[in-house]
Amino acid sequence: MASVSYGPEAIVLVLAAAGAAGLGFTLPVTLAIVVLLAVLIASYRQVIAAFPNGGGAYAVARERLGHRTSLFAAASLIVDYVLNVAVSIAAGVAALTSAFGQAHRYTVWICLAVLVGVTVLNLYGIRESARAFMAPTVVFVLGIFAVIVGGLLRSEPASVATGAAVGTDARTIGVLLLLKAFSSGCAALTGVEAIANAVPSFAKPRVRRAQRAEVALGVLLGLMLIGLATLIEKFQVHPIEGTTVLSQLTQASLGHGIGYYTVQFATVVLLALAANTSYGGLPTLTKILADDNCLPHRFAVRSPRQVYRFGVLALGISAAVLLAASKGDMNALVPLFAIGVFVGFTIAQVGMVRHWMLTRTPGRRWRLALNGFGAVLTFVAAIVTTAMKFTEGAWVIVLVLPVLVWAMERIRTTYHRIDDRKGVGCVPATPRPSDTAIIVPVSEVSELSREALSAAMSLGRDVTAVHVCLAGENIGLFTKEWEVWHPDVRLLLLEDGDTTVGGPIARYVRDHFPDRRKVVVIAEIEPPAGWHHVLPSHRSDELERILRRMPDTVVCHLRVQTA
């Protein structure tokens with residue numbers, strides 16, 4: 001429902017190019033969007049009934065349209081989640097700077113600060129709840145209807161916002177202008193699929209409650225869109241630099257008093273909550289994709305705070321890039337929003353058509369007709385939106401969606417190769433011991449060397465200590481200390497051929513033990529504090545990176561704790 005803060009503004013921004021006559025088409029364009037909203041609500045009620053386990057477009061596509069189509073649905077959801085964060089934060093900050101104009105110059109920094117705050121809270125496992133969402137949502141909805149009722153009862157604005165008009169290229173009213181306004185306003189439909197994605201979150205009976213919630217969402221959203229569009233035409237609202245359309249309407253209906261600030265702050269809070277929902281949705285989606293081998297498995301790993309940390313960080317970083325690139329301007333981001341949404345809408349509707357064709361559910365003909373009609377409408381809307389917004393940045397989404405699908409396919413193929421190499425699904429041969437050579441790099445005679453050799457000698461008998469002779473080193477002193485110590489382990493001195501430790505040791509292991517299993521024991525002191533990790537030379541990391549690429553070589557990393 002928070003999309004009413006930027007959906008109507010997107011329509012006005014386009015129609016303002018034709019002046020007052022163009023703004024007169026705000027209500028007809030909005031009514032067309034509300035008709036599409038009604039079709040989507042009816043269609044997604046069918047999705048909820050057919051797929052009560054949630055997942056929305058991804059679940060429908062995976063079940064009925066195949067793996068690759070489901071990846072396109074997943075890619076569109078990923079794009080939507082990222083854009084939802086960026087657009088919601090940008091719109092929330094725009095509402096804030098509309099109330100406090102002096103903060104407008106710091107828009108980007110405020111956006112990034114809010115984003116960092118939301119990301120950090122989610123990394124610490126702060127969970128949202130229905131009760132926490134209820135109060136600001138009720139205040140927002142009541143505030144918007146107060147604006148609509150108050151505006152309809154007034155014969156003239158209570159207060160008029162002032163400022164420089166947003167410059168647009170003068171255009172005449174035509175089909176292309178109306179289509180562009182329609183495609184821009186379709187951003188208000190974002191979130192319609194959210195309930196279908198989260199059916200398991202509802203109390204029993206889940207399907208019935210979710211369907212009622214879907215209808216309630218559609219009714220409230222439709223009434224708010226129509227009411228705000230009516231006020232836009234009544235008060236002849238036009239885009240003003242630094243002031244949102246919703247801010248102008250609130251000021252015209254309620255004046256510049258406590259009612260105005262209540263609606264503005266409720267808008268900011270609800271948009272922040274709208275952004276936060278992506279942090280619950282995207283990490284869960286990436287976890288499902290990781291379980292399906294379509295994303296790196298680390299996206300399925302939970303932190304001690306029960307948070308999918310990599311999903312949260314990926315979302316935060318991606319949204320930060322968008323906010324910085326757009327300079328925190330929601331009107332630059334909104335055109336990108338609707339494309340991914342309509343791709344998901346279309347895939348879900350086509351999947352439902354396929355579902356009804358394969359099932360014998362009573363009333364399937366009218367259900368099939370409903371979802372088929374919805375698929376046609378959303379497909380046309382996706383084409384129109386892409387064509388109208390292509391030069392305004394929509395080309396980025398057109399490029400990103402197939403790239404994401406390609407990347408997920410590559411990851412999936414790679415995991416299949418790894419599984420084949422591991423022999424997953426077959427009974428392996430009986431494990432047998434093999435002749436093992438144990439190599440221990442030593443840099444000096446010390447307690448650390450003793451720990452390393454003790455660990456190596458407990459693994460097997462054939463232990464060799466190797467020492468790389470670095471330039472400028474006193475080799476004679478080292479050999480004397482070794483002879484005095486006399487650890488009963490063969491010592492081999494290696495010449496430093498490339499000013500590294502890893503190179504000579506790796507060459508020695510490769511050349512002298514070609515048909516044997518090799519175990520290399522690397523010992524180092526574990527730094528006592530976090531910042532102490534920058535103090536060691538990290539030559540052991542360099543050696544480990546080289547040895548990991550060698551076949552039949554096991555690297556045993558021994559970390560010795562300080563007292």
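Distance check: H297 NE2 to K287 NZ gives 11.0 Å after rounding to the nearest 0.5 Å. In this structure, the separation between CG on N276 and CD1 on I89 is 9.5 Å, given to the nearest 0.5 Å. Distance check: E524 CD to S443 OG gives 11.0 Å after rounding to the nearest 0.5 Å.
Heavy-atom contacts from other residues, nucleotides or ligands closer than 6.0 Å to CE of M550 number more than 12. Enclosure of atom CZ in R516 by more than 12 non-hydrogen atoms of other residues, nucleotides or ligands within 6.0 angstrom is indicated. Counting non-hydrogen atoms of neighbouring residues, nucleotides and ligands closer than 6.0 angstrom, the CH2 atom of W485 exceeds 12 such neighbours. Remark: R62 CZ is packed, more than 12 non-hydrogen atoms of other residues, nucleotides or ligands lying under 6.0 Å away.
For K518, the side-chain contact (heavy atoms from CB on, under 4.5 Å) partners at least two apart in sequence or on another chain are I439, V509, F513, D552, T553. Partners of F299 under the side-chain contact (heavy atoms from CB on, under 4.5 Å) rule, at least two apart in sequence or in another chain, are T286, A290, L295, P296, F310, A314. Every residue two or more places apart in sequence or in another chain that forms a side-chain contact (heavy atoms from CB on, under 4.5 Å) with M457 is listed here: V463, V489.
Between S76 and A73, the shortest heavy-atom contact is OG-O, 2.7 Å.
At a threshold of 4.0 Å, the pair R450-E447 counts as salt-bridged, since one of the basic side-chain nitrogens sits closer than that to a carboxylate oxygen. Remark: R412 does not engage D292 in a salt bridge, criterion side-chain N to carboxylate O under 4.0 Å.
Side-chain contact between V82 and S278: absent, with no pair of heavy atoms (C-beta onward) separated by less than 4.5 Å. Using a 4.5 Å cut-off on side-chain heavy atoms (C-beta onward), L271 and Y6 make contact. Side-chain contact between K327 and C111 is absent, with no heavy-atom pair separated by less than 4.5 Å.
For R490 and T464, the side-chain atoms include at least one donor-acceptor pair closer than 3.5 Å. For the residue pair Q349/T378, the side-chain donor-acceptor check at 3.5 Å is not satisfied.
Aromatic ring pairs are classed by plane angle as parallel below 30°, tilted from 30° to 60° and perpendicular above 60°; the pair F478 and H467 is parallel.
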Does the side-chain hydrogen bond (donor to acceptor under 3.5 Å, both in side chains) test come out yes or no for S5 and T267, once each step is laid out?
-> CA-CA 7 Å; S5 62; T267 303; over 6 Å; no
Let me see the working for V116 and V114 under side-chain contact (heavy atoms from CB on, under 4.5 Å), right down to the final yes or no.
-> CA-CA 6 Å; V116 169; V114 173; over 6 Å; no
